[in-house]
Student: 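After the structure tokens below, expect a handful of questions from me.
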Protein chains: 2
Amino acid sequence: MKLSTKGKYGLIAIADLALAYKDANEENYVVLKTIAKKRNISEAYLERIVAKLKKGDLVKTQRGSLGGYCLAKSPKEIKISEVLYLLEGPFDVCGCGGKDIVGNSCEKSSSCISNIVCDKINEKIKETIENMTVEDILSSYYLG
Amino acid sequence: MKLSTKGKYGLIAIADLALAYKDANEENYVVLKTIAKKRNISEAYLERIVAKLKKGDLVKTQRGSLGGYCLAKSPKEIKISEVLYLLEGPFDVCGCGGKDIVGNSCEKSSSCISNIVCDKINEKIKETIENMTVEDILSSYYLG
DNA sequence: TTTTATTCCAATCAATTTAGTAGGTTTTCT
DNA sequence: AGAAAACCTACTAAATTGATTGGAATAAAA
């Protein structure tokens with residue numbers, strides 16, 4: 001069970017944008033090629049990832065020459081959960097679809113044995129990433 | 001991000017074996033075909049899943065006629081984490097492998113932005129499933 | 001001892017997801 | 001006009017998932 005590179009690259013991009021944001025303390029557009037090269041990520045692939053972050057209003061863009069990407073809010077207003085939901089989809093660790101322990105379809109059954117486990121896991125993950133902002137992970141990094 | 005059916009089916013099988021175990025209060029071998037049919041799971045596929053649980057000593061078997069599968073310990077001695085580790089592999093939500101924010105390889109770097117997030121998530125998931133036993137989820141089920 | 005019911009095992013396969021490429025279009029600044 | 005950037009669409013290769021198939025080994029029962 002792993003976070004895919006979508007989530008990973010997305011977090012990296014957000015963090016780089018956050019660093020630029022804090023440096024400038026205002027709109028500071030960063031060219032994607034710069035991030036891609038520095039982090040050794042395929043630019044075209046990263047582009048599609050950041051596009052999702054834009055659709056989710058975490059990032060805004062400036063087209064044309066001197067354009068680039070920029071955080072749409074300050075790092076402390078962006079939850080890690082927002083980033084990961086946009087890139088990895090909802091953390092429904094278990095979608096189930098089978099039958100529960102008494103034979104009923106368990107799409108939403110609380111008596112489905114795997115739903116019981118998954119609900120607990122989901123709850124904890126949610127709790128964790130909804131209480132963590134981009135600002136938080138940046139400061140962890142600075143303290144590194 | 002989802003638990004695959006491996007984990008789901010494994011939990012279902014363990015739960016069914018646990019019910020049989022509690023009914024008999026001793027060795028009670030259950031035929032896999034019974035579980036597969038009741039839960040509408042491919043028997044051959046379920047077989048390979050349960051094989052892993054055997055390798056991990058959560059389940060023991062009796063071959064031949066009148067054979068079957070049986071829990072190797074009591075439900076309260078089996079952690080959910082054991083089941084999921086055997087079936088889904090370690091919950092390294094992020095294996096990373098890229099470069100960290102200052103350009104160093106971040107295989108284990110604490111300054112890798114995605115490791116910071118993933119470590120936190122992993123920690124919480126671990127905490128959750130290591131403190132949950134098969135007994136626990138059965139009683140949740142009974143209480144419905 | 002033969003039959004039957006079961007676990008066990010290895011190879012294969014189809015569908016899906018992931019990760020990445022390629023090539024071009026549009027926008028905007030100089 | 002030219003250059004540099006975001007934007008968009010289609011394709012592909014590799015890995016993973018979720019099985020299926022066909023049998024071999026084992027052990028109880030007839």
Side-chain angles (χ1 to χ4, degrees), chain A residues 1-10 12-13 17 20 27-37 39-55 58-72 84 87-90 92-98 114, chain B residues 1-10 12-13 17 27-37 39-56 58-72 84 87-90 92-98 114:
Chain A
M1 224 182 127
K2 298 213 171 206
L3 200 69
S4 74
T5 56
K6 265 182 284 178
K8 183 169 87 177
Y9 293 165
I12 289 172
L17 294 179
E27 286 188 356
N28 187 8
Y29 286 87
V30 178
V31 171
L32 204 60
K33 186 177 282 178
T34 310
I35 299 178
K37 273 194 178 157
R39 305 296 172 213
N40 206 28
I41 301 170
S42 147
E43 187 191 346
Y45 187 44
L46 186 58
E47 190 182 286
R48 288 195 325 196
I49 289 168
V50 178
K52 290 187 184 178
L53 299 178
K54 190 195 171 182
K55 227 177 235 171
L58 299 186
V59 158
K60 59 186 174 180
T61 59
Q62 173 74 47
R63 296 181 71 161
S65 192
L66 292 200
Y69 294 85
C70 174
L71 289 192
L84 294 182
L87 299 177
E88 305 272 350
D92 283 329
V93 171
C94 166
C96 221
S114 87
Chain B
M1 226 183 125
K2 297 213 173 202
L3 201 69
S4 74
T5 56
K6 265 182 283 180
K8 183 169 88 178
Y9 293 166
I12 290 172
L17 293 180
E27 286 188 354
N28 187 6
Y29 286 88
V30 178
V31 170
L32 204 60
K33 186 177 283 179
T34 310
I35 299 179
K37 271 194 179 157
R39 306 297 172 210
N40 206 29
I41 300 171
S42 148
E43 187 192 347
Y45 187 44
L46 187 57
E47 189 182 290
R48 291 199 326 191
I49 290 169
V50 178
K52 290 187 183 180
L53 298 179
K54 192 198 169 181
K55 227 178 235 170
L58 298 186
V59 157
K60 59 185 174 181
T61 58
Q62 173 74 47
R63 295 180 75 163
S65 190
L66 292 199
Y69 294 86
C70 175
L71 289 193
L84 294 181
L87 299 177
E88 305 271 351
D92 284 329
V93 170
C94 167
C96 221
S114 87

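Every chain is numbered from 1, with letters handed out A, B, ... down the list of sequences.
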Student: Separation of A:N40 atom CG from C:dA19 atom C1', in whole Å?
Tutor: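 Answer to the nearest Å: 14 Å.
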Student: Please determine which of B:K54, B:E47, B:Q62, B:K60 meets the side-chain contact (heavy atoms from CB on, under 4.5 Å) test together with B:Y69.
Tutor: B:E47
Student: Run the numbers on A:L87 and A:L53 for side chain to side chain contact (heavy atoms under 4.5 Å, CB included), then give the verdict.
Tutor: CA-CA 8 Å; A:L87 299 177; A:L53 299 178; 4.0 Å; yes
Student: Heavy atoms only, 4.0 Å cut-off, all strands: where does A:Y9 land among base, sugar-phosphate and nothing?
Tutor: sugar-phosphate
Student: Respond yes when some side-chain nitrogen or oxygen of A:S42 is under 4.0 Å from OP1 or OP2 of C:dT21, and no when none is.
Tutor: yes
Student: Can you name the closest pair of heavy atoms from B:G68 and B:Y29 and give their distance?
Tutor: O-CD2, 3.2 Å
Student: For the backbone of B:G7 and the side chain of B:E88, can you confirm whether one donor and one acceptor N or O come within less than 3.5 Å of each other?
Tutor: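 Yes; judged by distance alone, with no hydrogens or angles, the pair exists.
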Student: Below 3.5 Å between N/O atoms, which protein atoms pair up with nucleotides 5-7 of chain D? Just atom names and distances, please.
Tutor:
unit_1, atom_1, unit_2, atom_2, d
D:dA6, OP1, A:L32, N, 2.9
D:dC7, OP1, A:K54, NZ, 2.7
D:dC7, OP1, A:T61, OG1, 2.7
D:dC7, OP2, A:Y69, OH, 3.2
D:dC7, N4, A:E47, OE1, 3.4
D:dC7, N4, A:E47, OE2, 3.4

Student: Tell me: OH of A:Y29 to P of C:dC29, nearest whole Å?
Tutor: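 A:Y29 atom OH is separated from C:dC29 atom P by 11 Å.
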Student: In this structure, which one of A:V31, A:V30, A:I35 forms a side-chain contact (heavy atoms from CB on, under 4.5 Å) with A:K33?
Tutor: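 Only match with A:K33 under side-chain contact (heavy atoms from CB on, under 4.5 Å): A:V31.
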Student: How far apart are the C-alpha atoms of A:I49 and A:T5, what are their side-chain angles, what is the distance that settles it, and do they pass the side chain to side chain contact (heavy atoms under 4.5 Å, CB included) test?
Tutor: CA-CA 10 Å; A:I49 289 168; A:T5 56; 5.8 Å; no
Student: A:K8 has an atom NZ; how far is it from atom P of C:dA19, in whole Å?
Tutor: 9 Å
